[in-house]
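Written below as structure tokens is the structure these notes are about.
Heavy-atom basis, side chains included; hydrogens, waters and symmetry copies ignored.
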Amino acid sequence: MGSYASKAALGATTDEPTEPEPKHLADLIQYINETNMSVEHLADVLSEKARSSSWVVVFKALVTVHHLMVHGNERFIQHLASRSSLFTLHNFMDKSVLEGYTMSTFIRRYSRYLNEKSLSCRLITSDVTKAKRGMGGMMRTMDTKELLNILPIIQIQFDALLNFNANPDQLTNGIILAAFKLLFKDSLRLFAAYNEGILNLLGRLRNKHCLKNKLVETFYLYI
């Protein structure tokens with residue numbers, strides 16, 4: 001099954017400037033959802049592809065990883081979160097083609113967001129974008145101390161997501177468009193979780209008649 005996953009990962013990260021093929025992504029989702037299958041090998045293959053010099057291959061590797069984070073089970077993202085480092089692409093630049101200059105900028109921003117998403121999962125011990133919402137959900141049942149610790153982590157992740165900052169006229173190929181769609185999904189879920197946490201925190205502080213500085217701290221978190 002390791003070779004099966006490798007084949008699908010390689011198929012999803014070819015040098016064709018199109019989004020990863022849905023068939024290969026579906027095969028990878030099926031692989032990581034099998035409880036007896038190792039996700040470490042798959043993560044290694046995708047990490048290796050992210051070290052390519054081609055913006056196409058690197059961007060497709062990042063999109064594939066993000067797709068698996070969003071649509072796969074939590075085993076995959078928990079494994080990524082356990083790694084000391086995920087992507088080191090802060091200096092990435094593909095000068096071989098004209099489009100590489102622009103896309104390299106978005107690759108650097110995108111990899112930073114995925115690093116923050118992984119770090120958030122490590123610090124919170126779960127993927128907040130997949131957490132149950134509503135009155136019995138994770139953000140609604142946390143106590144004040146937990147909320148004051150976790151809300152800044154979510155905010156940092158959200159800031160990294162917004163830093164991707166692609167305008168409509170910059171979505172010039174299927175790869176960056178696929179990344180944008182995944183980021184949009186995460187943004188909705190992050191905002192919902194953050195909003196529920198703030199409402200919970202405000203309610204707890206008001207009910208306890210907490211000190212003014214705690215209310216100010218909450219206010220600045222929200223804005």
Side-chain angles (χ1 to χ4, degrees), residues 1-34 37 39 41-73 76-77 79-80 86-118 127 129-130 160-190:
M1 286 298 285
S3 61
Y4 168 82
S6 296
K7 183 178 179 180
L10 294 174
T13 56
T14 63
D15 58 3
E16 293 293 322
T18 56
E19 66 178 300
E21 291 188 17
K23 176 186 181 302
H24 296 308
L25 295 177
D27 288 344
L28 292 173
I29 291 293
Q30 181 181 355
Y31 175 82
I32 65 173
N33 285 346
E34 294 289 337
M37 296 297 131
V39 295
H41 172 71
L42 175 57
D44 287 341
V45 172
L46 292 172
S47 294
E48 180 64 29
K49 298 296 283 186
R51 289 192 286 270
S52 170
S53 60
S54 164
W55 76 263
V56 174
V57 175
V58 174
F59 215 159
K60 289 174 82 168
L62 297 180
V63 168
T64 301
V65 169
H66 195 183
H67 183 91
L68 298 181
M69 285 177 161
V70 171
H71 298 289
N73 65 34
F76 183 73
I77 192 171
H79 171 75
L80 297 180
L86 191 54
F87 301 114
T88 54
L89 295 168
H90 50 279
N91 291 321
F92 179 82
M93 175 62 74
D94 182 354
K95 301 179 181 179
S96 64
V97 292
L98 184 60
E99 194 173 13
Y101 286 87
T102 302
M103 291 300 112
S104 293
T105 298
F106 290 112
I107 283 171
R108 293 193 297 271
R109 295 174 183 175
Y110 195 28
S111 65
R112 179 183 168 235
Y113 169 70
L114 294 179
N115 284 339
E116 290 296 344
K117 183 177 175 72
S118 176
D127 182 359
T129 64
K130 294 184 176 182
L161 186 153
L162 295 176
N163 188 57
F164 189 76
N165 196 29
N167 298 319
D169 60 353
Q170 294 173 311
L171 304 178
T172 55
N173 60 73
I175 309 172
I176 190 172
L177 184 58
F180 183 83
K181 289 177 180 177
L182 290 168
L183 288 167
F184 182 70
K185 288 180 180 179
D186 273 7
S187 71
L188 295 178
R189 294 167 181 171
L190 278 174

Inset, instruction - Start with the C-alpha gap between I175 and V56, add the side-chain angles, then the distance that decides, and say whether side chain to side chain contact (heavy atoms under 4.5 Å, CB included) holds. - result: CA-CA 8 Å; I175 309 172; V56 174; 3.8 Å; yes

Legend entry - Chi angles and distances behind the side chain to side chain contact (heavy atoms under 4.5 Å, CB included) call for M103, N173: CA-CA 10 Å; M103 291 300 112; N173 60 73; 3.4 Å; yes

Legend entry - Stepwise side chain to side chain contact (heavy atoms under 4.5 Å, CB included) test for Y110 and V65: CA-CA 11 Å; Y110 195 28; V65 169; over 6 Å; no

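With a 4.5 Å cut-off on side-chain heavy atoms, L46 and L68 count as touching. You'll find the side chain of R109 reaches within 4.5 Å of the side chain of N165, heavy atoms only. Between E99 and T172 the shortest side-chain heavy-atom distance falls below 4.5 Å. Using a 4.5 Å heavy-atom cutoff, the side chains of F106 and W55 are not in contact. A heavy-atom distance below 4.5 Å is found between the side chains of Q30 and Y4. Put simply, the side chain of I32 does not reach to within 4.5 Å of the side chain of H71, judged on heavy atoms. Residues H67 and L28 are not in side-chain contact: their nearest non-hydrogen atoms beyond the backbone lie 4.5 Å or more apart.
To the nearest 0.5 Å, atoms CG (L182) and CG (L62) are separated by 11.0 Å. Note: L86 CG to N115 CG = 5.0 Å, rounded to the nearest 0.5 Å. The distance from the OG1 atom of T129 to the CD1 atom of I77 is 6.5 Å, given to the nearest 0.5 Å. Between the CE atom in M93 and the OG1 atom in T105 there is a gap of 5.5 Å [rounded to 0.5 Å]. A distance of 10.5 Å separates CD in E116 from OG in S111, rounded to the nearest 0.5 Å. We find the CG-CG distance between N163 and L183 to be 11.0 Å, quoted to the nearest 0.5 Å.
A donor-acceptor pair under 3.5 Å is absent between the side-chain atoms of S47 and the main chain of D44, judged by distance alone. Between the T64 side chain and the K60 main chain, a donor and an acceptor come within less than 3.5 Å of each other. A distance-only check finds a donor-acceptor pair linking the side chain of R108 to the backbone of F92 [under 3.5 Å]. At least one donor-acceptor pair under 3.5 Å links the side chain of S104 to the backbone N or O of D94.
Considering every non-hydrogen atom in both H41 and S6, the closest pair reads NE2-OG, 2.6 Å. Residues A50 and A61 come closest through the heavy atom pair N-CB, 3.9 Å. Taking all atoms of both residues into account, the shortest heavy-atom contact from I29 to G72 is CD1-N, 3.5 Å. Of all heavy-atom pairs spanning A43 and H79, the tightest one is CB-CD2, 3.7 Å. Summarising the geometry of A166 relative to L171, their closest heavy-atom pair is CB-CD2, 3.9 Å, with the distance given to 0.1 Å.
No side-chain donor from either of H66 and Y113 sits under 3.5 Å from a side-chain acceptor of the other.
Around atom CZ of F164, more than 12 heavy atoms belonging to other residues, nucleotides or ligands sit under 6.0 Å away. For L188, the CG atom sits in a packed shell: over 12 heavy atoms of surrounding residues, nucleotides or ligands are nearer than 6.0 Å.
Annotation: salt bridge (charged side-chain N to carboxylate O under 4.0 Å, His left out) contacts of D27 (sequence neighbours excluded): K23.
For residues 175-190, the pairs satisfying salt bridge (Lys or Arg N to Asp or Glu O under 4.0 Å) are K117-D186, with sequence neighbours left out. Here salt bridge (Lys or Arg N to Asp or Glu O under 4.0 Å) pairs that include residues 45-55, with residues two or more places apart or in two chains, are E48-R51.
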